[in-house]
Amino acid sequence: MVSWIISRLVVLIFGTLYPAYYSYKAVKSKDIKEYVKWMMYWIIFALFMSVETFTDIFLCWFPFYYELKIAFVAWLLSPYTKGSSLLYRKFVHPTLSSKEKEIDECLIQAKDRSYDALVHFGKRGLNVAASAAVTAAAKGQGALSERLRSFSMQDLSTIRGDTPSPVTVRAASSKNVKSKLSRSATQTSEASGEVEQKITQPPSKAMSVKRQEETRTRVSSKKPQ
């Protein structure tokens, strides 16, 4: 574990940050010799990082594996050994020069295929997104219509339960009219009954009443003036 931490720190500081700073100085000073030197180093270091991704998985159990990595990075950077320049001139440059056309053709084909695949998958993604949006909109519209229907039915039920319908209002008004008519009919029947009672009184009582009135008028006429 300690050797792994030390190796990572060495690779980060001496294998990445230190060469990055001197590459900046080479670009700033426009020194072609230094520029070519650090370009060769970055090519070798990129290959080293690519290989390290797999060796860390399969060869981490090897004795002194991390110590060898530290020694290799130091060998690449040392101005005495010039390991990066040596590896580039002996192995990398001849291999890339002989396979350059094939590599370029593979890169062009990969670029075209990746572009076509990207367009194809992009179209499929847009179609899927559009169909999903349409189905979601249709489902949402159906749910909204059902919700509105349920709300309208609830409103109608509350209106029916709270306020009387026109039919019930008409029935109540007709009942009131009927009750008023029955009351007026009873009152007229009572009045007609009283009139009939007065009419049907015996004549003797009527005559006595008339006689009493006549005697009162006579008495009042005989009084001295």
Quick check for you: to the nearest 0.5 Å, what is the distance between [X] atom [atom1] and [Y] atom [atom2]?
X	Y	atom1	atom2	result
S85	H93	OG	NE2	13.0 Å
W61	L59	CH2	CG	6.5 Å
M40	S84	CE	OG	6.0 Å
S97	I103	OG	CD1	9.5 Å
F48	S50	CZ	OG	10.5 Å

What about [X] and [Y], same hydrophobic cluster or not, with Ile/Leu/Val/Met/Phe/Trp/Tyr joined at side-chain heavy-atom distances under 4.5 Å?
X	Y	value
V92	L107	yes
L77	I6	yes
I43	V27	no
L9	F64	no
F58	L47	no

Scan Y41, W42, Y35 and name whichever one has a ring pair (Phe, Tyr, Trp, His ring centres under 6.0 Å) with W38. Y41
Count the heavy atoms belonging to other residues, nucleotides or ligands that lie under 6.0 Å from CG of L17, then report whether that count exceeds 12. yes
Other residues, nucleotides and ligands only: do more than 12 of their heavy atoms fall within 6.0 Å of CE on M39? no
For K111 and E105, what are the C-alpha separation, side-chain angles and deciding distance, and is it a salt bridge (charged side-chain N to carboxylate O under 4.0 Å, His left out)? CA-CA 10 Å; K111 184 179 178 180; E105 291 178 357; over 6 Å; no
Could you please spell out the steps behind the side-chain contact (heavy atoms from CB on, under 4.5 Å) verdict for S29 and K25? CA-CA 6 Å; S29 63; K25 291 180 70 69; 5.6 Å; no
I'd like to know if the side chain of [X] reaches the main chain of [Y], judged simply by a donor and an acceptor atom lying under 3.5 Å from each other, with no hydrogens or angles considered.
X	Y	answer
S78	W75	no
Y65	D56	yes
T16	V11	yes
S131	V128	yes

Salt bridge present between E52 and K69 (N-O < 4.0 angstrom): yes
Quick one: list whatever passes salt bridge (Lys or Arg N to Asp or Glu O under 4.0 Å) with D31, sequence neighbours left out. none
Residue list, salt bridge (Lys or Arg N to Asp or Glu O under 4.0 Å) with R89, at least two apart or on another chain: none
Give the C-alpha distance, both sets of side-chain angles, the deciding distance and a yes or no for side-chain contact (heavy atoms from CB on, under 4.5 Å) between L76 and L87. CA-CA 9 Å; L76 291 177; L87 289 177; 3.8 Å; yes
Please name the pair of heavy atoms, one in I44 and one in Y88, separated by the smallest distance, quoted to 0.1 Å. CD1-N, 3.8 Å
